[in-house]
Amino acid sequence: MRPISQSVVKKDHEPKITGTSLYVGDYDNEGVLTGKFLRSKVARAKLISVKVPPLPEGYFYIDRNDVPGDNNVNIVMDDTPVYARETVEYIGEPIAMVAGPDGKKVDEILSSIEVTYEELTPVLDIRKSETVFFDYEFGKGDMEKAFAEADKIYTEEFTTGYQDQTYLETQGMMAVPEKDGKMFVHGSLQCAYYVHGAVMRALGCGPADVHILQDVTGGGFGGKEAFPSILGCQVAVAAKKANAPVRIIFDRREDLEFTSKRHPSLCTYKVAVKDGKVTAMDIDVKFNSGAYTTLSAVVLQRGIICANGIYNVENLHVRGRALKTNTTPTGAYRGFGAPQTFFAVEMMMDHIAKDLGEDSLEFKEKHLVKQGDGTSTSGIYHFPVPVPDMINEIDAVCDFRRKHKEYALPQTGRYRKGIGMSMYFHGAGFTGSGERDIIKAVCRLHKYPDGTVEILASNGEIGQGLRTTFPKIVAKELNLPLEKVYYNHPDTARVPDSGPTVASRSLMVVGELLRRCAIKLRESWIDGEDQIAEEHFKEPDFVIPFYLDKFQGDAYPTYAWGVNAIEVEIDTYTGLTKILGAYGSFDVGTPMDYNIVMGQMEGGFLQGIGYASMEYMDYDSKGRIRNNSFSDYLIPTAADVPNLKCMLHVEEYPDGPYGAKGAGELPLVGAPSAYVEAMEQALGGKVSLNHAPFTPEDTMKVIMKEGI
Ligand code: MTE
Ligand code: MOS
């Protein structure tokens, strides 16, 4: 490992540990109005009337008529309203806000408001949805020929459920009208400039009239990528009307029911096999977008690019659709569409191997991509693919190959064991030419006369360590002690737009930009002077341009790689599963800080295990999310997976800082298939499991049905 990987005390360690960090809920209440939403009680309706009683002094009712600019939130598309239009599209949709000095009084007012709806039949099930938000299609080779010549054709359907980000700090935003007429919005968020663009549009004002600050943020995991843009507009409109600061902070129930979560998926695979090898895949991917498009286009793009896994499939056809339902809009969650399709393809490969009487690991190994091979979108894997070595590393720590064969033999007794493996990648940065054409990141370094250097960028610390790793990179390049370089939470009034904190891009893309910026500053350094250096994104020369209309080219410049194994023991009396071990080998290039990266790997892997095994969330017959508390929606703790082992395999990326690649999302992606494969083996291997999460109830169903 390189010297930069040596761990340091995180820059925000002290205030977080001592409780002095200022979260949005910690600002003084003095003069701040508490806002709460009047939410739709039905999944789909025309709004006929809203009867608001006379309000006491100092209390405000805010709805779409108060939006000074455009009542559309600027996300990828603009169909999400700031406040509901003439219709409501899901249970919980904000129709209006009531704001006032006393939160209890606000509740009272809300309960006295009468809403009359003309109810329409909601569409809840994606299988019945006829509203296609996005529809993409791509492929290569000769599908007809491959299927005509196949020895065998396999068809199977896979489903995955919701997953909620369950950050420790719920969503919260605050808007403060400033003396000069500007609007200041701050809160818990990942992408200050996204909120900036959205609030500008809702208020109908110019870029200088609004500024956005990220407060200390208690985790985002994608959940604070687009949602704060909506909430930011809602509080800004309220603060404008009240001409006073307005803050809104969700309680956990509200957060679980009404904020974005991972898209449930339905994937159908049709696979041709000839001479023991996969020759073609015809894949249909459907994601449940909920009521508005929000980030579905980009989540779906990433999902379908990964749909053939890390296997060479010469003849490929992929179609992906994001469909509307009258449910809470879904959005970004660590992995961004990839966990869904990687689950499906890994299970598919496993099931084909089983049918062919082969060991699934050996079957997968026969199909693995390597450096120089073509990607699903006819790009190229430009860099080494270290997966075979990583498989061996996993095998060395958990004896995978032996156990995998042993557990496949008939088992008896109360406890049954299984082990499963997944292999996958995560492409860092925006999909396709997004970094070059849409984001166009800019960053600056400000050197003060006393020799301290401030990093000016718009990426947010959300627990992934940027306030430490960014300064480490800059300090190293400037040969300065780490104390001399600092990175504050971004305020759009002070920092350039270096893009959002998403897609595991900040460290790899912006980190490299900062490194280059530091070189510039070093080369022009004059002691005692106030200096600024600036850098702009430049795409590496080797990248094959990506065309979204054809879905062709390099979807990502490079990939982080993962191999996971999970070993389980099922108690056939209770249906409960004990995880005997979870092993992950991760290649995220050079770690910018060993402890931070290991924290990312362990945390992400555990989130993936939760997604695989216990994080069950569904809506009721009316379309309301039922699992709205931590007693109904279970997330894993360290105690659930005591034997979790993560290892780093370093394949340096020349265009990332000191060889670093995007790290944040990778570790979540492969857990579901490794877990469900293990469960399938422990359950005797005869039934093909095809959904995640696979809960104890699901286990019990198989036990009863199979007479285990
Ligand atoms: N780790 C912590 N502790 N908290 C988070 O909110 N978000 C994840 C991941 N790791 C997250 C996290 C997600 S969704 C992303 S996209 C990446 O961090 C962002 O990493 P980056 O800063 O390199 O872009
Ligand atoms: Mo991460 S899901 O891209 O915020």
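Here the structure is a predicted model, which is why all the values come from computation and not from measurement. Side chains included, hydrogens not; waters and symmetry mates left out as well; all remaining heavy atoms used. As the structure lists them, so they are numbered: ligands from 1, and atoms in each ligand from 1. Residues take their numbers from the sequence shown, with the count starting at 1.
- Among the atoms of Arg334, none of the N or O lies under 3.5 angstrom from an N or O of ligand 2.
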Point to revise | CA sep, side-chain torsions, deciding dist, call: Thr293, Asp79, side-chain hydrogen bond (donor to acceptor under 3.5 Å, both in side chains) | key: CA-CA 7 Å; Thr293 60; Asp79 57 322; 2.6 Å; yes
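- For atom 1 (Mo) of ligand 2, the closest non-hydrogen atom of the protein is Glu665 OE2, 3.7 Å.
- Of all atoms in ligand 1, numbered sequentially from 1 with element shown, those under 4.0 Å from a heavy atom of Glu665 are 15 (C), 16 (S).
- Remark: ligand 1 and Thr501 share no N or O pair separated by less than 3.5 Å (distance only, no angle test).
- Between atom 22 (O) of ligand 1 and the options Arg505, Gln464, Met592, Gln607, the minimum heavy-atom separation is to Gln464.
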Exercise for review: Report the C-alpha distance between Arg494 and His211 in whole Å, list the side-chain angles of each, state the deciding distance to 0.1 Å, and finish with yes or no for side-chain hydrogen bond (donor to acceptor under 3.5 Å, both in side chains).
Suggested key: CA-CA 9 Å; Arg494 299 190 63 239; His211 69 114; over 6 Å; no
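- Nearest heavy-atom pair, Cys517 versus Cys443, reported as atom, atom and distance to 0.1 Å: SG-O, 4.0 Å.
- Side-chain polar atoms of Asp255 and Thr170 form no donor-acceptor pair below 3.5 angstrom.
- Between the side chains of Tyr194 and Glu225, no donor-acceptor pair is found at a separation under 3.5 Å.
- Using a 4.0 Å heavy-atom cutoff, Ala503 is listed among the residues neighbouring ligand 1.
- Shown in contact with Tyr333 at under 4.0 Å from a heavy atom are these atoms of ligand 2, numbered in order with element: 2 (S).
- Residue-ligand proximity, Gly219 to ligand 1, at heavy-atom distances under 4.0 Å covers atoms 6 (O).
- Contacts with ligand 1 closer than 4.0 Å are made by side-chain heavy atoms of Leu466 only, the backbone lying farther away.
- By the criterion of a heavy-atom distance under 4.0 Å, the side chain of Glu225, and not its backbone, is placed next to ligand 2.
- The atoms of ligand 1 that sit less than 4.0 Å from any heavy atom of Ser506 are 21 (P), 22 (O), 23 (O), 24 (O).
- Within the 4.0 Å heavy-atom shell around ligand 1 one does not find Gly662.
- For the residue pair Tyr27/Asp215, the side-chain donor-acceptor check at 3.5 Å is satisfied.
- Of the candidates Glu225, Gln165, Arg334, the one placing a heavy atom closest to atom 8 (C) of ligand 1 is Arg334.
- Of the charged side-chain nitrogens involved, none lies within less than 4.0 Å of a carboxylate oxygen, so that Arg334 and Glu665 do not count as a salt-bridged pair.
- The distance from ligand 2 to the heavy atoms of Gly222 drops below 4.0 Å at these ligand atoms: 2 (S), 4 (O).
- Interface of Gly222 with ligand 1, defined as ligand atoms under 4.0 Å from a residue heavy atom, comprises 14 (S).
- With respect to atom 17 (C) of ligand 1, the closest heavy atom belonging to the protein is Gly664 CA, 4.0 Å.
- Between the side chains of His446 and Glu454, no donor N or O sits under 3.5 Å from an acceptor N or O.
- Nearest protein heavy-atom contact of atom 4 (O) of ligand 2 is Gln190 NE2, 2.9 Å.
- Applying the side chain to side chain contact (heavy atoms under 4.5 Å, CB included) test between Tyr559 and each of Thr375, Ile310, Leu666 identifies Thr375 as the sole match.
- In this structure, a donor-acceptor pair under 3.5 Å is present between the side chains of Glu477 and Tyr658.
- Between Tyr333 and ligand 1, a contact under 3.5 Å exists for no N or O pair.
- If you check the side chains of Tyr333 and Asp164, you find no donor sitting under 3.5 Å from an acceptor.
- Residue-level proximity to ligand 1 for Gln600 is carried by the side chain, the only part with a heavy atom below 4.0 angstrom.
- Contacts of Ile462 with ligand 1, taken as heavy-atom pairs under 4.0 Å, involve both backbone and side chain.
- Glu169 and Ser188 form a side-chain donor-acceptor contact under 3.5 Å, judged by distance and modelled atom types alone.
- Shown in contact with Val502 at under 4.0 Å from a heavy atom are these atoms of ligand 1, numbered in order with element: 16 (S), 24 (O).
- Here the options are Lys224, Gln214, Glu461, the test is side chain to side chain contact (heavy atoms under 4.5 Å, CB included), and the partner is Gln190; only Lys224 passes.
- Polar contact with ligand 1: present for Phe221 (N/O pair, distance under 3.5 Å).
- Rounding to the nearest 0.5 angstrom, the gap separating the NZ atom in Lys520 from the CD atom in Glu535 is 4.0 Å.
- The nearest heavy-atom contact from the protein to atom 23 (O) of ligand 1 is Leu507 N, 3.3 Å.
- Annotation for ligand 2: atoms under 4.0 Å from non-hydrogen atoms of Phe336 are 2 (S), 3 (O).
- Shown in contact with Gly220 at under 4.0 Å from a heavy atom are these atoms of ligand 1, numbered in order with element: 5 (C), 6 (O).
- Atom 3 (O) of ligand 2 has Ala503 N, 2.6 Å as its closest protein atom, hydrogens excluded (heavy atom only).
- At a cut-off of 3.5 Å, with distance as the only test, a side-chain donor of Tyr424 or Asn564 sits close to an acceptor on the other residue.
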